[in-house]
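Since the structure comes first, as structure tokens, the remarks are kept for the end.
Hydrogens, waters and symmetry mates play no part in the numbers below; they use all other heavy atoms, side chains included.
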Amino acid sequence: MRYKLGIDVGGTNTDGVILDSDMNVLTAFKHPTTDDIETGIAGAVEALLENSGLDKSLIDYGMLGTTQCTNAIVTRKSLNDVGVIRIGAPAGTAIEPIYSMPEDLKEIIGQHIYQVRGGHEFNGELIAELDEEHLEKIAQVLKGKVNSIAISSIFSPVNKAHEKRAKEIIEDIVGEDVAFSLSSEIGSISLLERENATILNAAIIDVAKRTTEGFEKALGRHGVDCEVYFCQNDGTLMSKEYTLKYPILTVACGPTNSLRGASFLSNHENAIIADIGGTTTDIGVLNNGFPRESSLSVELGGVQTNFRMPDIYSLALGGGTIITLDGDEFKIGPDSVGYQLPEKAKVFGGDTLTVTDIAVAKGILSLGDSDNVKDMDKALVDRIYDEIISMIEVAIERMKTSDKEVPVVLVGGGSTLIEGDIKGASEVINPENSGVANAIGSAISDISGEVEKIYNIDPSRRTEIIDEIKQFAIDEAVNAGADKDKTEIISFEDIPLAYLPGNATRIKVKAAGPLKED
């Protein structure tokens, strides 16, 4: 029997789990998250090994899901010095790079902005020749001043030749120690949002490096010598090398891991998932075992981006959400005591009424000292609890695409707060080990590859061209570490673009497969 170790670092707790090769949960543990990622992970790993008594040499894989890159963007801390280059003059100069970013972020990563002649049309045809001489001059200026460079070109997802050539020219001058982010490898069609995503990716390269090294050190501290992988926000994994190149893809992997873990624990591949934490409830949708992807541009730290993100609706409701009373009236949230729940909640001797207190008063939970809430008016408790359920029901309805009832799976540390039926749900499932669904989601993840481009498809060669594109996606997954013989296409979209000339079609293909066994 061989084993996998999954870790998910959240804002309050670092959750860990060990699965055997039959995907059974051997042991699970929660450890407080620490400022330095290594200490919290090491504490979780130590507890997992002690609780299981497992021979650590039998652990083949370690998977990590983390919020470190998200936090760096939101808090504006530990970001790289970034050089920003847009290839698109003269056609694409009307709106300058990073124009829509918040001012505090511009001050950090907006010091080296350049626009260069070049770019392509939607069908890959040339707009203007690449100004290589200008790029050489820019490289001389950037040398020694930045440690990361973001390059974006008009319609580069269709033709990335100018981005690749620009990287070659600049790298020859600034050296290989500078990290490069190319927009054709990160975002979708739409220059400004793709450019923003690329700049953010370049800004968190060093954060990703510290995170990956911290994970490896935490495992090494306890003698765990295994192959490490990192979670993406589409429910799949990346190798360390891919993570260091595309750290932006780790953003929002926490809710995604919960959805994947919920799918595994409930044995449902198509369902609504409610991940109930201490501060928020994240509602997501499973399609064929993977999170439904958002079809809209996504705001990240005040920046509009268009790289793939799970379609998640966050509700200010969790175990630590504060209930404010005013006579017979009440207000639920949005404030929360968060990680201070064991100190602040009434059932633990505190003076703050929370959702957890209501669940105890209702008799749903046996937690703390129920005598501290026994004098609450029962009718008021029922009204508050009914409103809590109603908030979740409304959020679920927002995420549904039809009026049909669907299974609803409850996970997260606060999943035990909910009992009974939920309107719109064909069944309500609260599986065993739901409190560590996020860590389980990281441990069971596959490796994926994705291709998204606009193609001018000759109708007589349509089948042949689509087969080639699907193979590109499979090759991407295999290059990232998937088993070539078990990788398959899991989603395919083709959308004719009537507003463009010819037979322009936007094609998006994703492939996924299990980890390659050495």
Side-chain angles (χ1 to χ4, degrees), residues 122-124 155-161 163-164 181-190 194 197-198 201 229-253 256 259-260 263 269 286-295 305-311 444-458 461-497 503-517:
F122 82 95
N123 59 1
F155 278 112
S156 61
V158 178
N159 190 329
K160 57 186 177 182
E163 287 188 358
K164 291 177 67 177
S181 296
L182 306 185
S183 76
S184 57
E185 300 173 347
I186 293 170
S188 180
I189 305 299
S190 179
R194 169 164 46 88
T198 306
N201 187 79
Y229 286 89
F230 300 86
C231 297
Q232 303 187 69
N233 57 18
D234 66 350
T236 60
L237 299 171
M238 294 188 288
S239 65
K240 177 182 176 181
E241 292 72 26
Y242 264 61
T243 304
L244 294 177
K245 194 172 183 181
Y246 311 117
I248 195 72
L249 299 182
T250 68
V251 170
C253 70
T256 298
L259 265 67
R260 289 279 292 150
S263 176
E269 291 194 337
L286 279 173
N287 286 331
N288 299 320
F290 287 88
R292 185 175 72 194
E293 189 173 318
S294 175
S295 59
T305 66
N306 70 352
F307 71 102
R308 63 158 189 255
M309 286 280 279
D311 189 6
I444 65 169
S445 296
D446 290 339
I447 301 285
S448 73
E450 186 174 85
V451 173
E452 181 180 3
K453 282 189 177 183
I454 293 177
Y455 291 87
N456 207 345
I457 298 180
D458 180 349
R461 297 184 61 239
R462 178 179 175 80
T463 302
E464 177 186 349
I465 292 172
I466 287 177
D467 287 343
E468 289 177 359
I469 297 169
K470 289 181 177 179
Q471 188 58 50
F472 289 156
I474 291 173
D475 291 343
E476 281 290 306
V478 172
N479 291 337
D483 188 326
K484 183 177 181 180
D485 296 329
K486 298 179 181 178
T487 300
E488 57 186 20
I489 301 298
I490 60 172
S491 67
F492 175 83
E493 294 179 12
D494 62 327
I495 303 173
L497 303 178
N503 297 303
T505 304
R506 174 180 171 269
I507 294 183
K508 186 174 183 179
V509 186
K510 182 184 292 184
L515 286 164
K516 177 173 58 182
E517 298 288 346

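Geometrically, Lys240 does not engage Tyr229 in a cation-pi contact, judged by NZ or CZ lying under 6.0 Å from the ring centre and within 45° of the ring axis.
At a threshold of 4.0 Å, the pair Lys160-Glu163 does not count as salt-bridged, since none of the basic side-chain nitrogens sits closer than that to a carboxylate oxygen. Under the 4.0 Å criterion applied to side-chain N and carboxylate O atoms, Lys510 and Asp234 are assigned as salt-bridge partners. Taking 4.0 Å as the cut-off between side-chain N and carboxylate O, Asp467 and Arg461 do not count as a salt-bridged pair.
Considering all non-hydrogen atoms of both residues, Asp446 and Ala512 come closest at CB-CB, 4.4 Å. Between Ala482 and Gly513, the closest heavy-atom pair is CB-O, 4.0 Å. For Asp483 against Thr487, the heavy-atom pair with the smallest separation is O-OG1, 2.6 Å. Nearest heavy-atom pair, Leu237 versus Cys231, reported as atom, atom and distance to 0.1 Å: CD2-SG, 3.8 Å. Minimum interatomic distance between Gly235 and Thr256 (heavy atoms only, all atoms of both residues): N-CG2, 3.0 Å. Shown here for Thr236 and Ser448, the closest heavy-atom pair between the two residues is OG1-OG, 2.6 Å.
Considering Cys253, Pro291, Ser294 in turn, Pro291 is the only one that fulfils the side-chain contact (heavy atoms from CB on, under 4.5 Å) rule with Pro310. Here the options are Arg194, Arg506, Glu185, the test is side-chain contact (heavy atoms from CB on, under 4.5 Å), and the partner is Pro157; only Arg194 passes.
Counting only distance, with no hydrogens or angles, the side chain of Asn201 and the backbone of Lys245 share a donor-acceptor pair below 3.5 Å. The backbone N or O of Tyr242 sits less than 3.5 Å from a side-chain atom of Ser239, completing a donor-acceptor pair. Checking side-chain atoms of Glu493 against main-chain N and O of Ile507 turns up no donor-acceptor pair under 3.5 Å. Arg292 contributes no side-chain N or O that, together with a main-chain N or O of Asn287, makes up a donor-acceptor pair within less than 3.5 Å.
Once rounded to the nearest 0.5 Å, the distance linking CG of Asn159 with NZ of Lys164 reads 10.0 Å. A distance of 14.0 Å separates OG of Ser184 from CZ of Phe155, quoted to the nearest 0.5 Å. We find the CG-NZ distance between Leu515 and Lys486 to be 10.5 Å, quoted to the nearest 0.5 Å. Once rounded to the nearest 0.5 Å, the distance linking CG of Leu259 with CZ of Phe290 reads 11.5 Å. To the nearest 0.5 Å, atoms OG1 (Thr198) and CD1 (Ile248) are separated by 9.0 Å. Within the model, atoms CE of Met238 and OG1 of Thr250 stand 6.0 Å from one another, a figure rounded to the nearest 0.5 Å.
A 6.0 Å sphere centred on NZ of Lys508 holds more than 12 heavy atoms belonging to other residues, nucleotides or ligands.
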Q | Step-by-step side chain to side chain contact (heavy atoms under 4.5 Å, CB included) determination, Val509 to Phe472 | A | CA-CA 9 Å; Val509 186; Phe472 289 156; over 6 Å; no
